[in-house]
2 protein chains.
Amino acid sequence: MPTVTLKDVAKVAGVSYATVSRALSGSPEISEETRRRILKLCKEMGYTPNSVARSMVKRHTDIMGLIVPSLNNPFMSELTAHLEIYARTRGYNLMVCNSSYDYDLEKEVFSLLVGRQVDGIIMIPAGHESYEPLNALTSQVPTVFISENMKDYPENYVSVDNHRGMQIATEYLYSLGHRSILYFGARSDSKTHQLRLDGYLSTCEKLSIEPHVLRSSYTRSSREVGYAMGGEYFSRPHQETAILCAADMLAIGVMQAAFEAGVRIPKDVSLMGFDNISFSALPQIDLTTVNQPFQQMAIAAVDMLLERIKNPAAAHAKLILPPSLIERKSCRALGK
Amino acid sequence: MPTVTLKDVAKVAGVSYATVSRALSGSPEISEETRRRILKLCKEMGYTPNSVARSMVKRHTDIMGLIVPSLNNPFMSELTAHLEIYARTRGYNLMVCNSSYDYDLEKEVFSLLVGRQVDGIIMIPAGHESYEPLNALTSQVPTVFISENMKDYPENYVSVDNHRGMQIATEYLYSLGHRSILYFGARSDSKTHQLRLDGYLSTCEKLSIEPHVLRSSYTRSSREVGYAMGGEYFSRPHQETAILCAADMLAIGVMQAAFEAGVRIPKDVSLMGFDNISFSALPQIDLTTVNQPFQQMAIAAVDMLLERIKNPAAAHAKLILPPSLIERKSCRALGK
DNA sequence: AGCGTTATTGTAAACGTTTCCGTTATTGTA
DNA sequence: TACAATAACGGAAACGTTTACAATAACGCT
């Protein structure tokens, strides 16, 4: 309760508090003897340096803000876990804010974080119409996005190659003999989902197959949305042989709907996801999908942010990581 | 970049900075006219209050620390999501730290957080042998645990009634006709798991059935651990008709092992979990389990912490929430 | 007219550090 | 022996707020 300050230990040590500060900070301009004496005294008195006072004068907090649309989605929480762990090894703590897929909330917590003087912000955008208003915000503090470039302005970001990922997925399905592939996606004004859709569309064209697209009116790729979309789809006549989902969670929801509708996967229809969340590896799910290198993305994002903090004037950076196919049991080759 | 401070706006407004501060804080001792004028000026100049400077003088940060063993476990991440969202409505931000189930790391990040001057800490303990060393720590800052009481000392906590939960589970299995029930648990020096095990054990005694317990050497209740335990169990002769797991993630791992070993659930063996994470509701998993009221626990924890922050001297509080049975398809009634 | 209130504003200290600069004592060098 | 250089430390300002206190002005009252 009665917190002991640097002043307190200076007083009992009989030195100025500049000296104590020097002892703690490992400054060379202090004798080894007094340093040892003071350090010992600090332990004894239970002194803990006050980071906020230090931040005040050093003009940085060693805190990164993280804005994430949801933590219930394993894609987000796995990413968050890696982000936090790696950031801490670099001496930073994470202040985590949930935007709940709400655009206004995204802006609100962004401002809140800059008020808190975070040194930088990592943002996983929920994916809304336009991000110009954020523009004014991102000029206030180094920011890196985990997501591909928003349409409105340049920025720092790291992402998988979403376009390429969906190309891989579509080609894989094609190679299995599928010619009628349904694409299930979230609302496309999210850049990420725009690119995924585009990857599908352009590959369809290249392969000369007709694209079929079903888009949710929601921007979130949750199990619930997939379940609802799947339920509706299966309840009506349909003849696609494969469903390609924009996210694993969507696919898992579809799988659930398929199960309830009595359609068997992959016997009646093949199913693919995108993300490769850990649950997709469960034998009961066993979802063929496209892998996002979570840890690599997390490390790259904080490294990139660190770089921007050091040098805010530098040019915008981007890093696009390669996706890879994870072949499991939710797709089957079409017999001839 | 060149951040505008309160002093700056005071200068252009031609008033003292005390006046600006009063305008911002909604103090009554200022004229409506100057307040409006100053507020407008703040917008124009893009002034953002510096929370760390404010924290310096007000001697609180409006930040809560959260220490969580893992974010990959949906139990943790769902809880974290609720915690963060609710805390923010109460004006607090969350600084999240992953302890990675490491006892030393738990202590380390705890100290780190008090150095950061968080107003309080919410901790989900990983569950280790003894928590006396933490005792010295928790005296430094209001702390509430999400978990039942550690063995060593009094504290604030909120939890489900773990003992009762396992009693419910065991009785349910018994009511289905099971007389040989295997308990799969994590290392029992976690109080939570001790209580769960105890709930099972005491109910067995009450029902006069013989308890069978298999404990992992790991303290974490992950899918991997469940998978390993299950794999080993199924590879050897076994005759229990039901498996009761200390956590859903464990059960899901066991389910995976069962699948690979060719044992069918619930036909060959019934399976129960504990937690009711959202994934357990998937039709492919459909795990009968014991529910923990996540949101209620989260709200209670931050409310309790708020209470302790207001009144640190008050007696320790505890809140034990009732668990409930979630009946799904992973258990079957034994025919006669 | 004089005086006590009240409303509004300014002054300055304080929060706990870091760091620049100055001071003293000690050492080395000529 | 004298002087410069260095090592070790103290003093004080600064970071951006809040707030106790003082000051001023305006007003109402007798």
Side-chain angles (χ1 to χ4, degrees), chain A residues 1-39 41-42 45-63 91 112 114-119 140-141, chain B residues 1-39 41-42 45-63 91 112 114-119 140-141:
Chain A
M1 274 292 281
T3 38
V4 24
T5 76
L6 193 151
K7 258 176 187 164
D8 296 328
V9 340
K11 202 171 299 166
V12 350
V15 298
S16 76
Y17 43 96
T19 305
V20 180
S21 176
R22 279 190 274 256
L24 270 315
S25 68
S27 156
E29 40 184 58
I30 187 177
S31 75
E32 265 315 308
E33 191 211 329
T34 46
R35 152 164 300 141
R36 257 195 296 276
R37 188 165 62 88
I38 290 178
L39 255 31
L41 196 55
C42 284
M45 300 181 62
Y47 167 70
T48 315
N50 182 325
S51 315
V52 356
R54 149 191 288 247
S55 293
M56 184 90 260
V57 15
K58 303 205 86 172
R59 313 180 64 79
H60 63 256
T61 52
D62 298 343
I63 297 176
L112 197 147
V114 338
R116 288 227 179 257
Q117 312 298 118
V118 297
D119 294 342
Q140 300 182 54
V141 64
Chain B
M1 273 294 278
T3 40
V4 24
T5 76
L6 194 149
K7 257 177 189 165
D8 297 328
V9 340
K11 201 171 299 166
V12 349
V15 298
S16 77
Y17 44 94
T19 304
V20 179
S21 175
R22 278 190 275 256
L24 271 315
S25 69
S27 155
E29 39 184 57
I30 188 176
S31 76
E32 265 315 306
E33 192 211 328
T34 45
R35 152 165 300 141
R36 255 193 298 275
R37 188 165 62 86
I38 290 177
L39 254 30
L41 196 56
C42 284
M45 301 181 62
Y47 168 69
T48 314
N50 183 325
S51 315
V52 356
R54 151 192 286 248
S55 293
M56 185 88 260
V57 15
K58 303 204 86 171
R59 313 182 61 79
H60 62 257
T61 52
D62 297 341
I63 297 177
L112 197 146
V114 338
R116 288 226 179 257
Q117 310 299 115
V118 297
D119 294 342
Q140 300 182 57
V141 64

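Within every chain, numbering begins at 1; the chains are lettered A, B, ... in the order of the sequence lines, protein sequences first and strands thereafter. Computed over heavy atoms, backbone and side chain alike; hydrogens, waters and symmetry mates excluded. This structure is a prediction, so every number in the text was calculated from the model and none was measured.
Dashed line: the shortest gap from a side-chain N or O of S31(A) to OP1 or OP2 of dC9(D) is under 4.0 Å. Side-chain N/O atoms of R54(A) include one lying less than 4.0 angstrom from OP1 or OP2 on dT18(C). A sub-4.0 Å separation between OP1 or OP2 of dC15(D) and a side-chain N or O of Y17(B) is absent.
Considering only the side chain of V15(A), dG10(D) comes nearest among dC15(C), dG10(C), dG10(D). With dT17(C), dA12(D), dG16(D) as the choices, the nucleotide that has an atom nearest any side-chain atom of N50(B) turns out to be dG16(D). Here the nucleotide nearest the side chain of R59(A), chosen from dC15(C), dT17(D), dC15(D), is dC15(D). When distances are taken from the side chain of V57(A) to each of dT19(C), dC15(D), dT8(C), the shortest belongs to dC15(D). Proximity note for A18(A) (side chain, C-beta onward) versus dA12(D), dT9(C), dG16(D): the nearest is dA12(D). When each of dT9(C), dT17(D), dT17(C) is scored by its nearest atom to the side-chain atoms of I30(B), the top-ranked nucleotide is dT9(C).
Side-chain atoms of T61(B) never come within 3.5 Å of backbone atoms of S55(B) as a donor-acceptor pair (strictly under, hydrogens ignored). In this structure, the side chain of R35(B) does not engage the main chain of P28(B) through any donor-acceptor pair within 3.5 Å.
Note on S21(B): a base of the nucleic acid sits closer than 4.0 angstrom, heavy atoms only. T34(A) comes within contact range of the sugar-phosphate backbone alone, with a heavy-atom separation under 4.0 Å but no base atom that close.
Here the P atom of nucleotide dG10(D) and the NZ atom of K11(A) are 14 Å apart, to the nearest Å. The interatomic distance linking R116(A) (CZ) with dT17(D) (C1') rounds to 14 Å, in whole Å. Here the P atom of nucleotide dT19(C) and the CG atom of L6(A) are 12 Å apart, to the nearest Å. When rounded to the nearest whole Å, the span between CZ of R22(B) and C1' of dA22(D) equals 11 Å. Residue R36(B) contributes atom CZ, which lies 12 Å from atom P of dT8(C) at whole-angstrom precision. One can place NZ of K7(A) at 13 Å from P of dG11(D), the figure rounded to the nearest angstrom. For the pair R37(A) CZ and dA8(D) P, the interatomic distance rounds to 14 Å; values are reported in whole Å. Whole-Å rounding puts the L24(B) CG to dG16(D) P distance at 15 Å.
The pair E33(B)-R37(B) does not count as a salt bridge, with every side-chain nitrogen at least 4.0 angstrom from each carboxylate oxygen.
Of the residues near DNA chain C, E32(B) and K58(B), the one whose nearest nucleotide (by heavy atom distance) lies more toward the 5' end is E32(B). For T19(B) and A53(B), each mapped to the nucleotide of DNA chain C holding its nearest heavy atom, the one lying further toward the 5' end belongs to T19(B).
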Please walk me through it: do T3(A) and T48(A) pass side chain to side chain contact (heavy atoms under 4.5 Å, CB included)?
CA-CA 8 Å; T3(A) 38; T48(A) 315; over 6 Å; no

Going through the distances and angles, do D62(B) and R116(A) end up as a side chain to side chain contact (heavy atoms under 4.5 Å, CB included)?
CA-CA 10 Å; D62(B) 297 341; R116(A) 288 227 179 257; 3.5 Å; yes

Give the intermediate values and the outcome of side chain to side chain contact (heavy atoms under 4.5 Å, CB included) for residues D119(B) and V141(B).
CA-CA 7 Å; D119(B) 294 342; V141(B) 64; over 6 Å; no

So what is the 5' to 3' dot-bracket string for DNA chain C, if pairs are Watson-Crick or G-U wobble with both distances under 3.5 Å, crossing pairs use [ ] and | means the partner sits on another strand?
||||||||||||||||||||||||||||||

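Screening V15(A), T5(A), I30(A), D8(A) for a side chain to side chain contact (heavy atoms under 4.5 Å, CB included) involving V20(A) leaves a single residue, V15(A).
To the nearest 0.5 Å, atoms CZ (R54(B)) and CD (Q117(A)) are separated by 12.0 Å.
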